[in-house]
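For reference, positions follow the sequence shown, starting with 1. Ligands are counted one by one from 1 in listed order, and the atoms in each one are counted from 1 as well.
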Amino acid sequence: MNKKRITTIFIVLLLGFGLYRSHTATVSSVPHTETGYMIGTVVNITVYGDYDDDIFDKSFDIIRDIESKMSLNIDTSELNEINANAGIHPVAVSESTFDVIERSLYHSKVSDGAFDISAGSLVSLWQIGSDKASIPPAEALADAIDTIDYKNIWLNRDSLEVFLKEEGMIIDVGGIAKGYAADRVGEYLSSRGVERAIVDAGGDIYLLGKGSNGGPWKIGVKDPFTSSRNDYLGIVSATQPSIVTSGVYERFLEIEGDDTVYHHILDPKTGYPVQNDIQGVTIVSDSTMDSDGFSTSVFVLGLEEGMKLVESTDNVEAIFVMDSKEVYVSSGLRGLFELTSDEFTMAEL
Ligand code: ADP
Ligand code: MG
C-alpha cells in the first residue's frame, strides 16, 4: 500500500509574496513572512510595512489556542469533551468553539447535509492525511453513517452549551476551522494597526487591506494538474477578503492496482470520498470561515448543485476546475477572473 500525503498550497499569491524576508521593515510595501506548522497544516503570515515584534508570536498563539480547543487530535480539546458526552449531557464550551460549531451547523443546513459537522466518525475511520489512512470495512462505514445527522445537535447560545443527542456521534470542524483561524488572525492584525497582510492557513486565505497597487489583490488559482506550487491557471482580482480552495489532490490515499483517489472530502451519504468530475473548487467571500465551509460543501454537491448554492447566496462566489480542464465561474466573478493558461477553457452551465 502506497500512502501519500501532499500539502501543496493550492492558491499562488502573485506580486512577490514570500520572496522578501527582512526584520527591518520600514517601507510600507515591504512584506515580512513567518511560517508555523499548526492545525495540521502550514500557516504563513505575511505583514506589509511596520509591525511590532510580538505580532507574529501572538498571531500563532491565537491559532494554537483554536487548535487546543477544537482539534480531535488533542485529548483535552473541547470538541473531544463534547464528543465524549454524546447522548449523555450538554457541555459548556468557549465562545470561539461555540461560534465555529454554530456556523458549521449553518453550512450543514444550507448544503442539506453535504457538509455535515457530525461526519466525524467517518473522518476518523478514514484518517486521510495521516500515516494510518486505509479503506475502512463496509460495515464500519455503514455504522459511521448511522451516527451522522447534524439535526441531532442542540445548541444554547446563552449558556454556550453543546449537546450531541445521539450516543456515538462525533463532530469534527476540520472542514471549517482553518478558515476561522485565518479570520481571527486577520482581525487581530488589524486591531494592532496592520494595514496590509495575508494570512494563509494551509491555502485558506484571509487578505487584509488592499493589493499592492491600492486595488484588489491579484491571486493565482493553482493548476491542479501540476505538482508545482507556482503554476497557476488563472488570476482572480479579489475584491473580497477571503479565498479558499478545496481540492482532491491535497491529501489522499493511493492503493496499488486501484485508480481511485481516496481523498479527504467525504460524502456523508455514501461514506466514501466524493467521486465526481471536480478537481478543485475555489470560493471567494467576505469570511474565510464561510469560504472554507462552502469550499467543502460545494465540492460534495458537485458542479450543478454547488453552483446553485453559490448563486443563491449573497457575496459568495466560486471557481470550479473540472477533470476536463473546463473552468466554470459564478456570475459575480465574471470580469474578475482571467484565464492565463491555454490548457484550460472557460465553460458555462
Ligand atoms: P482542507 O483541509 O484541505 O482545507 P477542506 O476544507 O475541504 O480541506 O475540509 C476537509 C476536512 O473537512 C476533512 O479533512 C475532514 O476533517 C472534514 N470533512 C470531510 N468531509 C466532510 C463533510 N462532508 N462535511 C464536513 N466536514 C467534512
Ligand atoms: Mg473547507
Next item on the list: Indicate yes or no: does an N/O atom of Pro268 lie under 3.5 Å from an N/O atom of ligand 1?
Entry: no
Next item on the list: Go through ligand 1 atom by atom and flag the ones less than 4.0 Å from a non-hydrogen atom of Ser246.
Entry: 5 (P), 6 (O), 7 (O)
Check: Just which atoms of ligand 1 are under 4.0 Å from any heavy atom in Asp292?
Finding: 6 (O)
Notebook entry, point to check: Has ligand 1 got any nitrogen or oxygen that is less than 3.5 angstrom from a nitrogen or oxygen of Gly175?
Noted result: yes
Next item on the list: Could you list which atoms of ligand 1 come closer than 4.0 Å to a heavy atom of Val123?
Entry: 15 (C), 16 (O)
Note to self: Tell me the contacting part of Ser297 for ligand 1: side chain, backbone, both, or neither, using a 4.0 Å heavy-atom threshold, strictly below.
What the structure shows: neither
Notebook entry, point to check: Of all the heavy atoms in Ser108, does at least one lie under 4.0 Å from an atom in ligand 1?
Noted result: no
Item checked: NZ/NE/NH1/NH2 to OD/OE distance under 4.0 Å, Asp99 and Arg157 -> yes
Item checked: Residues Glu343, Lys325: salt bridge by 4.0 Å N-O rule -> yes
Note to self: Check for me whether the distance between the ring centres of His32 and Tyr51 falls short of 6.0 Å.
What the structure shows: yes
Item checked: Contact partition for Asp116 relative to ligand 1, non-hydrogen atoms under 4.0 Å -> backbone
Check: What do you reckon, does Leu266 have a nitrogen or oxygen under 3.5 Å from a nitrogen or oxygen of ligand 1?
Finding: yes
Check: Does any N or O atom in Thr245 lie less than 3.5 angstrom from one in ligand 1, N or O only?
Finding: no
Check: Does Arg192 pair with Asp52 as a salt bridge, N-O distance under 4.0 Å?
Finding: yes
Check: Is there a donor in the side chain of Thr288 and an acceptor in the side chain of Asp183, or the other way round, less than 3.5 Å apart?
Finding: yes
Check: Is any side-chain N of the basic residue among Asp231 and Lys222 closer than 4.0 Å to the acidic one's carboxylate O?
Finding: no
Checklist line | Check: His263 ring centre within less than 6.0 Å of Phe299 ring centre | finding: yes
Margin query: Quick check on contacts: which atoms of ligand 1 are under 4.0 angstrom from a heavy atom of Lys178?
Written below: 1 (P), 2 (O), 4 (O)
Next item on the list: Report yes or no: do Ser242 and Ser287 form a side-chain donor-acceptor pair below 3.5 Å?
Entry: no
Check: Any idea which of Asp172, Leu301, Thr41 brings a heavy atom closest to atom 17 (C) of ligand 1?
Finding: Asp172
